Amino acid sequence: MPPISIEEPKADAHGDLSTNFAMVAASLQKMPPRKIAAAIVDNLQDSDGLLEKAEIAGPGFINFFVKPKAWQPVLQQIHLAGERYGASAFGKGRSIQVEFVSANPTGPLHVGHGRGAAVGDSMGNILAYCGFQVEKEYYINDSGRQIRTLGLSVFLRYQELCGRKIDFPEDCYQGAYIRDLALRIKNDKGDQLLHEKQEDAIGFCARLAADEILDGIRSDLNDFGVTFDVWFSEQSLYDTGRVDKTIKDFQRRGSVYEHDGALWFGSSAFGDEKDRVVVRKNGLTTYFASDIAYHQDKYSRGFDRVIDVWGADHHGYIPRVTAAVEASGYRRNQFHVILVQLVNLLRGGEPVAMSTRAGEFVTLRDVVGEVGTDAARFIFLSRHYESPLDFDLELAKQKSNDNPVYYVQYVHARICSMIRKAAENGIGDIDYDETAVARLTEPEEILLLKTLSRFPEAVQSSAENLEPHRITFFLMNLASVFHTYYNKHRVLTDDPVLSRGRLYMVEAVRKVIQNGLALLGVSAPEKM
RNA sequence: GCGCCUGUAGCUCAGCUGGAUAGAGCAACGGACUUCUAAUCCGUAGGUCGCAGGUUCAAAUCCUGCCAGGCGUACCA
């Protein structure tokens, strides 16, 4: 049996609420759907007097039209709830971890990391707003070969600065920042490192470089409005023996076996396409081993659910990590991966040339410096994260209606301006007034009230589906509805009662815009 | 080869837990500022929802096959 639904139709002609009940019941009752609908409509009770009319339409839909006064109470709800309007207890206090960015500390963040940062940060805000206990975490890949490669890269540049001839291998980090780090070491230590054992020198360079780069990442993210509750070091998993413990744990569970001199995790038993090596023939653990340990550690800290935000190029890892979670005794639905597609950076429609190999890429810092945090975050959140995103620097800088951030922020600024004006005219307090609110009956006003009343469900569906862009689309729609209203009706009129009602409504719009933008991490300016 | 993602207006994308006539912005064209911010609004035009089958009273949405693009398929990190 198809589900019975009650929904808000897309077309105004179909009323405010609509149900397919009669159509679903038709086959059970063996009666024509329209006849069932008629019986229902004839027997409707409306004790609150909110119903304007009910109509039977199409194959047997029942469409309900509601009176204006049914929508008006939402305004008082918004004013009473304030910055909590849209919040809910949906998460029931369950704890959830969102891990995102987690870029290797081997170079500065680029635009793609910015998208992941915006998505993860906003997702965390939304989940917290919906009653989850949220922790935001950054996983620092500060161990393994890449860090040594970083150290080697810096040490080579250092030797170069000391006047030695060097070969700079292709698999070393090519960016100019490597030279900057080398120069800093040279200024600090002179040629002292040349006299140390090479491995010690490389190790020194590695630690210093990783620390410096991580500091840079931290401050870039901070300037982008992104902060973390926990910065988790991969190296700490080795230092505390957590990786060994995990391998022993898997041995106890019978999840690993030896083959060809290596130790394999039987991930294919949990849906992966093949088994994976955790300890190599040479005795060294793989990256995957520490990843298993890391995820075990997450759950052992008591999180009900774990969300990892990854770049789309890592999607091949989902089955094996999911397998590891399940093999560790947790349910696979406690683990979610949000795959963020790549960002194409454009300038005026032309692709910005970026070569990772040559280390030439536009950093997040550059982009944020050029277009601003608000524009960057809003654009990152203006698409489903699974679609590739064209980020046009020229467009992002434009202060026009081509740029959706300003379109939304402008609503907030406009309303603030009206409120200032109202205060000058002696309407300082915008309080609830039943007779004033009852005057809000224009079609554009009803549409505005309806739109406002949908904000809580937009937030919740955003949390349920882990899709921050739903908030962005809600805000753009609300902004559009508001701008239309603004151009058609005056808020401050000669009629004081009507003006109070409209001010009350417009202030509610402002609050909802503010709440929505806050979830996205975008500011709500009072003047523009 | 196998796996994942994407294919909707000229462009960029929503809609995809099935509902009525498939939406928005940009671009094009035509209008609206002596009036609360024109960073705005109104109107016109624009479509075989990649293709073909299937399920259903109903499919952009679910299933199958195919086509096109992107990505991934290490005892690398």
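Remember, predicted model here, so these are calculated numbers, not experimental data. Letters A, B, ... mirror the listed sequences (proteins, then strands); counts begin at 1.
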| task | Counting heavy atoms from C-beta on, name the nucleotide in B/A39, B/U40, B/A14 closest to the side chain of A/H469. | result | B/A14
| message | By the 4.0 Å heavy-atom rule, please label A/F473 as base, sugar-phosphate, or nothing. | response | sugar-phosphate
| said: Looking only at the side chains, is there a donor atom on one of A/E55 and A/N63 sitting less than 3.5 Å from an acceptor on the other? | reply: no
| Base, sugar-phosphate alone, or nothing: which one does A/Q409 contact when heavy atoms must sit under 4.0 Å apart? | nothing
| said: Under 4.0 Å, counting only non-hydrogen atoms across every strand here, what does A/R383 touch: a base, just sugar-phosphate, or nothing? | reply: sugar-phosphate
| field | A/R276, nearest nucleotide to its side chain (from B/C36, B/A74, B/A39) | value | B/A74
| Stem list, RNA chain B (Watson-Crick or G-U pairing under 3.5 Å, at least 3 consecutive pairs) | B:1-7 with B:67-73, B:10-13 with B:23-26, B:28-32 with B:40-44, B:50-54 with B:62-66
| message | Could you walk me through whether A/F250 and A/F265 satisfy the ring pair (Phe, Tyr, Trp, His ring centres under 6.0 Å) test, starting with their C-alpha distance in whole Å, then the side-chain angles of each, then the deciding distance to 0.1 Å, before giving a yes or no? | response | CA-CA 8 Å; A/F250 268 26; A/F265 165 45; 5.0 Å; yes
| Is A/K488 atom NZ crowded by more than 12 heavy atoms from other residues, nucleotides or ligands, each under 6.0 Å away? | no
| Base, sugar-phosphate, or nothing: which does A/D313 touch, judged by heavy atoms less than 4.0 Å apart? | sugar-phosphate
| request: Enter the distance from A/L452:CG to A/K450:NZ here, rounded to the nearest 0.5 Å. | output: 12.5 Å
| message | Atom CG of residue position A/D494 - does it have more than 12 heavy atoms of other residues, nucleotides or ligands inside 6.0 Å? | response | no
| Pairwise C1' distance for B/A45 and B/C29, with rounding to whole Å | 8 Å
| What is the nucleic acid contact for A/H489, judged by heavy atoms within less than 4.0 Å: base, sugar-phosphate only, or nothing? | base
| Counting only side-chain N and O atoms of A/Y410, is one of them less than 4.0 Å from OP1 or OP2 of B/A39? | yes
| query | Which is true for A/E234 with a 4.0 Å heavy-atom rule: it touches a base, it touches only sugar-phosphate, or it touches nothing? | reply | nothing
| task | May I ask you to evaluate whether A/Y407 reaches the phosphate of B/C41, defined as a side-chain N or O under 4.0 Å from OP1 or OP2? | result | yes
| said: Between B/A9 and B/G3, how many Å separate the two P atoms, rounded to a whole number? | reply: 28 Å
| field | Sugar-phosphate, base or nothing in reach of A/S417, heavy atoms under 4.0 Å | value | base
| With a 4.0 Å cut-off on heavy atoms, is A/K488 in touch with a base, just the backbone sugar-phosphate, or nothing at all? | nothing
| Can a donor-acceptor pair under 3.5 Å be found between the side-chain atoms of A/N63 and the base atoms of B/A20? | yes
| said: Applying a 4.0 Å non-hydrogen cut-off, can you work out what A/S18 is touching in the nucleic acid: base, sugar-phosphate, or nothing? | reply: base
| message | Looking at B/A20 and A/F61: do their rings stack (centroid distance under 5.5 Å, interplanar angle under 30°)? | response | yes
| remark: Base orientation of B/C5, chi within 90° of 0 counted as syn, else anti, reads anti
| message | Would you measure the distance from the P atom in B/G19 across to the matching atom in B/C62 and give it in whole Å? | response | 10 Å
| remark: Taking B/C36, B/C75, B/C5 as options, the one with an atom nearest any side-chain atom of A/M418 is B/C36
| Neighbour count above 12 (heavy atom, 6.0 Å) for A/E199 CD | yes
| query | So what does A/N425 hit on the nucleic acid, given a heavy-atom distance under 4.0 Å: a base, only sugar-phosphate, or nothing? | reply | nothing
| query | Under 4.0 Å between a side-chain N or O of A/T484 and OP1 or OP2 of B/U40? | reply | no
Output one line per pair: protein atom, nucleotide atom from nucleotides 1-4 of chain B, and distance, for all N/O pairs under 3.5 Å.
from: B/G3; atom 1: N2; to: A/H315; atom 2: NE2; distance (Å): 2.5

| note | Which of B/U6, B/U17, B/C75 is nearest the side chain of A/K281? It is B/C75
| Any luck finding a side-chain donor-acceptor pair between A/S499 and A/T493 under 3.5 Å? | yes
